[in-house]
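Notes for the one structure printed next.
By convention in this document, chain letters (A, B, ...) are assigned in the order of the sequence lines, proteins followed by strands, and residues within each chain are numbered from 1. Atoms considered below: every heavy atom in the structure, side chains included; atoms not considered: hydrogens, waters and symmetry mates.
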There are 2 protein chains.
Amino acid sequence: MKKAEATRLTILQKAFELIYVKGYQTTSIDDILATTQVTKGAFYYHFKNKDEMGLAIIHEILKPTMTESFITPLQNPGDPLEFIYGMMHHLLMNNPFLKPEFGCPASNITQEMTPWNADFGSAMNELIEQWEDTLVEVLEKGKAAGFVRKDVHSKQVTIMVMSGYWGVRNLGKLDQGKESYSLYLKELKNYLDSLK
Amino acid sequence: MKKAEATRLTILQKAFELIYVKGYQTTSIDDILATTQVTKGAFYYHFKNKDEMGLAIIHEILKPTMTESFITPLQNPGDPLEFIYGMMHHLLMNNPFLKPEFGCPASNITQEMTPWNADFGSAMNELIEQWEDTLVEVLEKGKAAGFVRKDVHSKQVTIMVMSGYWGVRNLGKLDQGKESYSLYLKELKNYLDSLK
DNA sequence: TCAAAAACATACTAATTAGTATGTTTTATT
DNA sequence: AATAAAACATACTAATTAGTATGTTTTTGA
């Protein structure tokens, strides 16, 4: 990788972590410069302004990460209900990057930015629609393969699952540990069983 | 009401609306002064600093509002599953104050403030525990009265319902209207039916 | 009614912010 | 090696921020 490209990527990655922890608006350019050891001249060489960097983070960091977490594992066949539960369990209990006290990066950005920046809104909408479409698709396949009842409404279930995940990621901020996560996962299992 | 008390209440109410729309950190004292027509001297007479005002909003505005919305209606007997569905439907579809693009005030504050201000965290935790306890209680009564299956785990269901609500309030920010709300409510109905 | 306290008003400060102006250094191309 | 462009560095600016200092007005209780 070229050196300049490495600088740009460092900024995006470190800024993403800072924003995950502190929020977008309260992460200052100077914060980013301090943790990356990049100077202001270099920063503004790579990005026109802060928002351009923010959108680049969504497209170049968040989107690939979510594709890797949600879309790619989906290529496997088998019971989609098992698959969905396993994905949620892994995300909530095993993912080493995501901390209960800081929630879900995508959820955080949506909550903070969407009402006031249409570009952030449509960028996040793309991500979420990709996730949504993938879940609907896998549920439909599951219906065809007999894993899921035929009268199940895949999109409704998808919204239920995504909402639950984002919600518990936020509820969990009020815990000390992962109690809410555990309770949520147990009930998610019951719910998914009811779709068989 | 005394005039000074009225000033204080105006600040809390208008600041609450501003924070709901703009977020806590990005709502400036000057914003609040401009919309309330209160001067800085008056503001700092009533509140030691911004955070004291924020906590007062939680305790004196948010908490009573939530009690009125979630706790009081709960005194009625009858089917708790019907009751929960009705409450969610009303909150999502009919509440005139809450707008899809701005989400849920309690959820917003939790997401923004909890990781960085322990006082906000424990204040919000109080609210949520109150809501949680109420839902658990009503579900237990429902089990006793035969409305809910005996093997249902009330706290798990409660976490599922609260997470779903907070999550769909955030998902809904990406919609133009209330599509996600409608889909969520339909599936919530299916889910609650599975607890009968 | 009249002083003391409560309530409010105005002008300021110091820190932080995103962004710019104007450089110097590094890299790539001939 | 020479040169132009790319990449980075430093010093600044103007706006905004929470909070303070120092007043004036209004209310209250003896």
Side-chain angles (χ1 to χ4, degrees), chain A residues 1-58 60 108-109 112-113 115-120 123, chain B residues 1-58 60 108-109 112-113 115-120 123:
Chain A
M1 181 165 38
K2 291 221 198 87
K3 208 158 163 253
E5 272 307 299
T7 305
R8 182 190 156 90
L9 199 59
T10 304
I11 293 172
L12 292 178
Q13 284 168 339
K14 294 283 182 187
F16 174 66
E17 290 175 29
L18 280 174
I19 289 165
Y20 173 47
V21 165
K22 298 188 47 163
Y24 178 82
Q25 319 243 30
T26 47
T27 296
S28 70
I29 310 275
D30 285 338
D31 284 339
I32 296 166
L33 303 183
T35 64
T36 53
Q37 304 276 52
V38 163
T39 63
K40 200 159 259 196
F43 181 93
Y44 280 99
Y45 173 78
H46 287 286
F47 305 102
K48 190 168 107 273
N49 51 39
K50 191 184 176 185
D51 282 358
E52 190 178 287
M53 180 211 63
L55 292 171
I57 287 175
I58 298 180
E60 298 170 40
N108 292 352
I109 289 177
E112 183 182 1
M113 299 304 292
W116 291 107
N117 189 309
D119 291 332
F120 278 75
Chain B
M1 179 167 36
K2 293 222 198 88
K3 207 158 164 255
E5 273 306 300
T7 304
R8 182 189 155 90
L9 199 59
T10 304
I11 293 171
L12 292 178
Q13 285 169 338
K14 293 285 183 187
F16 173 67
E17 292 176 28
L18 280 175
I19 290 165
Y20 172 47
V21 164
K22 298 188 46 162
Y24 178 82
Q25 318 243 30
T26 48
T27 296
S28 70
I29 310 275
D30 286 337
D31 283 339
I32 296 165
L33 303 183
T35 65
T36 53
Q37 305 276 50
V38 163
T39 63
K40 199 159 260 194
F43 181 93
Y44 280 99
Y45 172 79
H46 287 286
F47 307 101
K48 190 167 107 274
N49 52 36
K50 192 184 175 184
D51 282 358
E52 190 178 288
M53 180 209 64
L55 292 170
I57 287 175
I58 297 178
E60 297 171 42
N108 292 353
I109 289 176
E112 184 182 359
M113 299 305 293
W116 291 107
N117 189 309
D119 291 332
F120 278 75

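- The closest side-chain heavy-atom distance from B/Met113 to B/Ile19 is not below 4.5 Å.
- Summarising the geometry of A/Ala4 relative to A/His46, their closest heavy-atom pair is O-CE1, 3.3 Å, with the distance given to 0.1 Å.
- Here D/dA18 presents its P atom at 15 Å from CD of B/Glu52, a figure rounded to the nearest Å.
- For the segment residues 35-44 of chain A, the set of residues with a heavy atom within less than 4.0 Å of an atom of DNA chain C comprises A/Lys40, A/Tyr44, in numerical order.
- Within a 6.0 Å radius of NZ in B/Lys22, more than 12 heavy atoms belonging to other residues, nucleotides or ligands are found.
- Atom-to-atom, NZ of A/Lys2 to P of D/dA6 comes out at 11 Å; the value is rounded to the nearest Å.
- Rounded to whole Å, atom P of D/dG19 lies 13 Å from atom CZ of B/Phe47.
- One interatomic measurement links the two molecules: CG of B/Asn49 to C1' of D/dT17, which rounds to 14 Å at whole-angstrom precision.
- Checked by atom type and distance alone, the side chain of A/Asp51 never pairs as donor or acceptor with a backbone atom of A/Gly54 at under 3.5 Å.
- A donor-acceptor pair under 3.5 Å links the side-chain atoms of A/Lys50 to the main chain of A/Tyr24, judged by distance alone.
- Remark: of the listed residues B/Leu33, B/Ile32, B/Thr35, B/Ile32 is the sole one forming a side-chain contact (heavy atoms from CB on, under 4.5 Å) with B/Ile11.
- Nucleotide D/dT20 holds its P atom 15 Å from the NZ atom of B/Lys50, rounded to whole Å.
- A tilted orientation is assigned to the rings of A/Phe47 and A/Phe43, their planes being inclined by 30° to 60°.
- The phosphate of D/dA6 (OP1 or OP2) has no side-chain N or O of A/His46 nearer than 4.0 angstrom.
- Rounded to whole angstrom, the span from the CD atom of A/Glu5 across to the C1' atom of D/dC8 amounts to 15 Å.
- Residues from residues 17-33 of chain A that place a heavy atom under 4.0 Å from any atom of DNA chain C, listed by number: A/Thr27, A/Ser28, A/Ile29.
- For the residue pair A/Arg8 and A/Ala56, the shortest heavy atom distance occurs at NH2-CB, 3.9 Å.
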